[in-house]
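When reading the values below, keep in mind they use all heavy atoms of this one structure, side chains included, and skip hydrogens, waters and symmetry mates. Just follow the structure's listing: the first ligand is 1, and inside any ligand the first atom is 1.
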Amino acid sequence: MSIAKPLLNIFSDVFVERNGVVFYKTFVVGKWIDSGEYIDVKSPIDLSTIAKVSKLSWNHIDSALETIYSVGRWAVRDLPGWRRVEILEKAAQKLEEAKEDFIQILVLNAGKTRSQALGEITASIDRLNAAHLDARKIFGEYMPGDWDQTTVETEAIVRREPVGVVLAIIPFNYPLFDTVSKIVYSFVAGNAVVVKPPSADPLPVLLFAKILEVSGFPKEALAIATIPGSESDRLVADDRINVVSFTGSSETGRRVIEKAGIKQFVMELGGGDAAIVLADADLKLAAERSAMGIYSYSGQRCDAIKLILVEEPIYEEFKKAIVEELSKVKVGDPRQQGVVMGPLIDSKAVDEMMKAVEDAVKLGGVVLYGGKRLGETYVEPTLIEFIDREKIKQSMLYQKEVFAPIALITSFRDIDEAIDLANGRRYGLDAAIFGSNMERIRRLVRYLDVGAIYINDMPRHGVGYYPFGGRKHSGIGREGIGYSIEYVTAYKTVVYSYKGRGIWRYTL
Ligand code: NAP
């Protein structure tokens, strides 16, 4: 059993330790609040309670929204853009200094291996340092009025303005990076931010709030709403929230849209990608990357590979190669040397995966590798084969996203069959294509209903240098440097009419 206690001095007012239990406060418009009511935070490594986090009441949230809406959003808007970028760059530097504390917290709270935790922190630092690139996209437009009879002798400037307050709802799988990314584009564009952290692993979010505070982030423009999702309807619906930037499952996303009402949205929802392996692919590379797409961070990635489609002539050879790759994966406590796959976030996620294995086997699926539970929160990476391409479509794994290291595999005869199988899922986040014939690859590129395609690699969104986001049930909008600016800003058209000229052509 461990407790989640950062060591650096800057975090000393974020938590208090009482009788061996660590109580985290939460940051609300400049104050660290201990509400006296708590959410238990467990480690997926051994399910022990590693901290208790102050849970906010609606009164706390209501008063935070009032301050953010009446003071915070203007405080950000009035900060010059260069200063906003400077604050984020300072945060990158502070995050770098606090790296070791963040590694410990991500390992303990999210069950990541040290190198996965380091990867998330490095991506977060890079994202903060890329804020100046987002700034390059905050452009408006000058429009001459010459081209319409009614606007001659007038002209307009179309400004891109901040909308006000962004609610950033964070999933458990990248608690630090998703918080950083949503704060960067919202704040650079001139908005205040309310962050709703995941209840499973809110600790990295709270530590990052401290990083922002010491980096000069306007204190009235930030609140961390530590409340369970099941109690968040009122927050989502509040009119003082202008944009909802949500990352999470398609089911929660749908509810959020229904509750939010008339607002702007960025919705990054469920995924589970197809990998299509063509007969002329580099087989070793395709097997290696497809396997990694299944097991990395225990399959708890929106861009994890969940369906592998292999062209008939190389099917048997590919199967052998990918099974060999999966058999190399060492599963266990992520703090142990050599472990590449840690636990799932909780035991419910394991139950769900076991249900999916059982369902697939009942339908005639064959477990080619794995399939077993290894403890409360641990499983084997798993690959299930279907020969019958119609049966595969009935399986739970095909129809919904099972957030675990498990994928389906089958063969296809021609490109159109691969397109049909890939597009048949309700998700449309990404796809991977392995192969070399550009004409065949181009056909797939044109017909796959997805937001991003990775040729000769597994899908990986990384820092968002290239934009990503879903089609169909995988979402609305795009995350990515520069691209997300569109969803957290609004146009304002200012028409200059000189000497009251311009022809009144239409009767009002
Ligand atoms: P989730 O269960 O949908 O939760 C996501 C967030 O929504 C959590 O903060 C959760 O809070 C909150 N929430 C739950 N119910 C809510 C409600 N009624 N109103 C407002 N907020 C609510 O998803 P997850 O299990 O954390 O994350 C995994 C999912 O995220 C997967 O489906 C994955 O594909 C998706 N994801 C997508 C992308 C992408 O780019 N498309 C990236 C990463 C992850 P609580 O934790 O308190 O319940």
Side-chain angles (χ1 to χ4, degrees), residues 26 39-42 44 53 55-56 61 109-111 120 123 167-179 181-182 194-205 224-238 241 244-261 263 265-273 296-306 344-346 348-349 352 400-404 425-430 450-452 459-464 466-480 483-484:
T26 192
I39 298 170
D40 278 356
V41 179
K42 293 184 188 306
V53 165
K55 179 184 169 204
L56 296 186
I61 291 176
N109 198 181
E120 182 168 355
L167 171 61
I169 305 182
I170 312 298
F172 81 82
N173 58 344
Y174 292 99
L176 176 65
F177 178 78
D178 277 348
T179 302
S181 165
K182 288 180 191 301
V194 177
V195 180
K196 151 72 190 96
S199 297
D201 51 5
L203 304 184
V205 182
I224 312 297
T226 40
I227 48 166
S230 53
E231 295 171 28
S232 299
D233 285 356
R234 205 164 167 184
L235 169 62
V236 167
D238 198 285
I241 299 288
V244 179
S245 173
F246 173 87
T247 302
S249 63
S250 305
E251 291 72 19
T252 311
R254 179 186 286 273
R255 182 178 174 90
V256 166
I257 290 178
E258 281 165 7
K259 294 289 162 192
K263 294 192 167 71
F265 293 101
V266 194
M267 305 297 289
E268 295 301 335
L269 309 180
D273 296 338
S296 66
Y297 189 36
S298 312
Q300 301 172 119
R301 300 173 43 223
C302 53
D303 52 1
I305 291 175
K306 303 282 185 212
L344 297 194
I345 195 69
D346 54 28
K348 274 200 318 232
E352 176 87 348
K400 67 178 287 210
E401 181 191 37
V402 175
F403 219 44
R425 294 191 80 224
R426 65 183 169 110
Y427 304 100
L429 193 56
D430 325 283
V450 294
R460 45 195 167 125
H461 299 158
V463 75
Y466 297 124
F468 62 89
R471 282 157 68 164
K472 303 194 292 186
H473 286 210
S474 290
I476 304 169
R478 291 292 175 268
E479 291 267 347
Y483 279 80
S484 309

May I ask you to identify the nearest protein heavy atom to [atom], giving residue, atom name and distance to one decimal place in Å?
atom: atom 10 (C) of ligand 1; result: Lys196 NZ, 4.0 Å
atom: atom 26 (O) of ligand 1; result: Phe172 N, 3.1 Å
atom: atom 5 (C) of ligand 1; result: Thr247 O, 3.7 Å
atom: atom 14 (C) of ligand 1; result: Thr252 CG2, 3.3 Å
atom: atom 47 (O) of ligand 1; result: Ser199 OG, 2.5 Å
atom: atom 17 (C) of ligand 1; result: Gly229 O, 3.2 Å
atom: atom 28 (C) of ligand 1; result: Phe403 CE2, 3.4 Å
atom: atom 34 (O) of ligand 1; result: Glu401 OE2, 2.6 Å

Review point. Charged N to carboxylate O below 4.0 Å: is that the case for Glu479 and Lys182?
Key: yes
Exercise for review: Please determine if Lys196 and Glu231 form a salt bridge, counting it only when a charged side-chain N lies under 4.0 Å from a carboxylate O.
Suggested key: no
Check your understanding: side chain to side chain contact (heavy atoms under 4.5 Å, CB included) between Phe403 and Asn173: does it pass, once the steps are laid out?
Key -> CA-CA 10 Å; Phe403 219 44; Asn173 58 344; 3.5 Å; yes
Could you list which atoms of ligand 1 come closer than 4.0 Å to a heavy atom of [X]?
X: Ile170; answer: 6 (C), 8 (C), 9 (O)
X: Gly270; answer: 32 (O), 34 (O)
X: Leu269; answer: 34 (O), 37 (C), 38 (C), 39 (C), 41 (N)
X: Arg255; answer: 18 (N)
X: Asp233; answer: 18 (N)
X: Pro198; answer: 9 (O), 46 (O)
X: Phe468; answer: 40 (O)

Is any side-chain heavy atom of [Y] closer than 4.5 Å to one of [X]?
X: Leu429; Y: His461; result: yes
X: Pro197; Y: Thr226; result: yes
X: Val41; Y: Asn109; result: yes
X: Arg254; Y: Val256; result: no

Check your understanding: Between Phe172 and Ala200, what is the shortest heavy-atom contact and its length?
Key -> CB-CB, 4.3 Å
Residue part near ligand 1, for [X], under 4.0 Å between non-hydrogen atoms:
X: Glu268; answer: both
X: Ile345; answer: neither
X: Leu429; answer: side chain
X: Pro197; answer: backbone
X: Val256; answer: side chain

Review point. So between Gly248, Gly253, Pro228, Ser230, whose heavy atom ends up nearest atom 29 (C) of ligand 1?
Key: Gly248
Point to revise | Given Lys306, Lys400, Arg471, Lys472, the one that forms side-chain contact (heavy atoms from CB on, under 4.5 Å) with Tyr427 | key: Lys400
Exercise for review: Can you spot which of Ile345, Val205, Thr247 makes a side-chain contact (heavy atoms from CB on, under 4.5 Å) with Pro198?
Suggested key: Val205
Check your understanding: For Tyr174, is the nearest heavy atom under 4.0 Å from an atom of ligand 1?
Key -> no
Review point. Gly271: heavy atom below 4.0 Å from ligand 1, yes or no?
Key: yes
Review point. Where the side chain of Asp273 meets the backbone of Asp430, is there a donor-acceptor pair that is under 3.5 Å apart?
Key: yes
Review point. Does a sphere of radius 6.0 Å around OH in Tyr483 hold more than 12 heavy atoms from other residues, nucleotides or ligands, not counting ones at 6.0 Å or beyond?
Key: no
Review point. So does Arg426 have more than 12 non-hydrogen atoms from other groups sitting under 6.0 Å from CZ?
Key: yes
Review point. Are any of the N or O atoms of Ala200 closer than 3.5 Å to those of ligand 1?
Key: no
Check your understanding: Hey, mind stepping through Arg301 and Ser296 against side chain to side chain donor-acceptor pair (under 3.5 Å) and telling me if it holds?
Key -> CA-CA 8 Å; Arg301 300 173 43 223; Ser296 66; 2.5 Å; yes
